[in-house]
Amino acid sequence: MEDNLTPFLNPDAVGTYTQDTQRKVPGLAALHRMVTILLGEGAPAAAHILAVGAGGGLELKAMAEQRAGWRFTGVDPSPAMLDIARRTTAPHADRIELRTGTIDQAPSGPFDGATCLLMLHFLDRNERLRTLKQIHTRLKPGRPLVVAHHSMPESERRQWLTRSAAFAGDVDFDAKSAAGSVKAMAERLPLLAPSEDEALFLEAGFSEPALFYAAFSFRGWLALSGQPSTR
């Protein structure tokens, strides 16, 4: 996990993160709107939302613009990424608390909902499960967690990652030239198949994982907090 997250600790390496992410993730603005709708189902007007992996602040900005009564707590292990988030969300700073760290540094809540966007694919299975369990303990019963990240069957990884790379590239994208970076990404990231992701939600104590977003190599799910896992 540490090796995968190390580049995000370098301010120079993440300087163009917000622009790059909007270019690389298909329908990012629509994804943020869908996330807000899903979190808002049954949420109080003054909901408190937890954002895990909130560096960059794009989802926080989008949610704050759509829900004037919500407040947010975001955690991220990268101070450099949180600096970007502070600039991105500056107009809504009075409703957003940002903390440096992992889920362990998040308040106990309980929260009315949580997000974990474009982050879980950096974590191996054990750390991913632990993170999901820790999010679960911080949610009110029956409240939603919304996630989105790279997820595809192992046999199809390079094909789907190549398609995502083509989406992020320009009109002159060359799949052969990109093969090396796609191969490195497929081997470096601890990617899981969609069925494995859904199994982890259940093991962490969530119920009813439902796919709501699919775009090339990316998948997004809604899951509801239930009884704490005994595993």
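This is a predicted model, so every value here is computed, not measured. Here, residue 1 is the first one in the sequence, and each next residue gets the next number.
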Do Thr73 and His48 have a side chain donor and acceptor closer than 3.5 Å?
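Judged by distance alone, the side chains do pair up.
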Looking only at the side chains, is there a donor atom on one of Thr102 and Asp104 sitting less than 3.5 Å from an acceptor on the other?
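Short answer, yes.
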So how far is it from [X] [atom1] to [Y] [atom2], rounded to the nearest 0.5 Å?
{"X": "Arg143", "Y": "Leu145", "atom1": "CZ", "atom2": "CG", "answer": "11.5 Å"}
{"X": "Lys183", "Y": "Ser181", "atom1": "NZ", "atom2": "OG", "answer": "11.5 Å"}
{"X": "Leu60", "Y": "Arg95", "atom1": "CG", "atom2": "CZ", "answer": "10.5 Å"}
{"X": "Leu192", "Y": "His149", "atom1": "CG", "atom2": "NE2", "answer": "7.0 Å"}

Give a yes or no on this: more than 12 heavy atoms of other residues, nucleotides or ligands lie within 6.0 Å of atom CD of Glu97.
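Yes, because the 6.0 Å sphere around CD of Glu97 holds more than 12 heavy atoms from other groups.
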Arg23 and side chain to side chain contact (heavy atoms under 4.5 Å, CB included): which partner among Val25, Thr21, Asp20?
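When Val25, Thr21, Asp20 are each tested with Arg23, the side chain to side chain contact (heavy atoms under 4.5 Å, CB included) holds only for Asp20.
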Does the separation of the ring centres of Phe218 and His150 fall below 6.0 angstrom?
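Yes, ring centres under 6.0 Å apart.
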Salt bridge or not between Glu203 and Arg125? Use side-chain N to carboxylate O under 4.0 Å.
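So Glu203 pairs with Arg125 through a salt bridge.
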Should Glu187 and Arg158 count as an ion pair when the cut-off is N to O under 4.0 Å?
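So Glu187 pairs with Arg158 through a salt bridge.
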Minimum heavy-atom distance between [X] and [Y], given as atom pair plus value:
{"X": "Phe206", "Y": "Ala223", "answer": "CB-CB, 3.8 Å"}
{"X": "His136", "Y": "Gly205", "answer": "NE2-O, 3.0 Å"}
{"X": "Ala204", "Y": "Leu132", "answer": "CB-CB, 3.6 Å"}
{"X": "Leu222", "Y": "Pro144", "answer": "CD1-CB, 3.5 Å"}
{"X": "Leu117", "Y": "His32", "answer": "CD1-CD2, 3.9 Å"}
{"X": "Thr100", "Y": "Pro79", "answer": "CG2-CG, 4.1 Å"}

Knowing that exactly one of Lys140, Arg67, Arg71, Arg138 qualifies, which makes a salt bridge (charged side-chain N to carboxylate O under 4.0 Å, His left out) with Asp112?
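Filter result, single survivor: Lys140.
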Checking the side chain of [X] only, and the main-chain atoms of [Y] only, is there a donor and an acceptor separated by less than 3.5 Å?
{"X": "Ser164", "Y": "Ser217", "answer": "yes"}
{"X": "Arg99", "Y": "Gln105", "answer": "yes"}
{"X": "Glu127", "Y": "Asp124", "answer": "no"}

Apply side chain to side chain contact (heavy atoms under 4.5 Å, CB included) to the pair Leu161 and Met152, showing each step before the final yes or no.
CA-CA 9 Å; Leu161 288 172; Met152 72 291 291; 4.0 Å; yes
Would you call the rings of Trp160 and Phe216 parallel, tilted or perpendicular, taking 30° and 60° as the class edges?
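The rings of Trp160 and Phe216 sit tilted, inter-plane angle from 30° to 60°.
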When you group the ILVMFWY residues by side-chain heavy-atom contacts below 4.5 Å and let the links chain together, are Met63 and Ile37 in the same group?
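As far as the 4.5 Å side-chain criterion goes, Met63 and Ile37 are not connected within one cluster.
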Take Glu59 and Leu118 through the side chain to side chain contact (heavy atoms under 4.5 Å, CB included) test and state the conclusion after the steps.
CA-CA 10 Å; Glu59 67 266 38; Leu118 308 179; over 6 Å; no
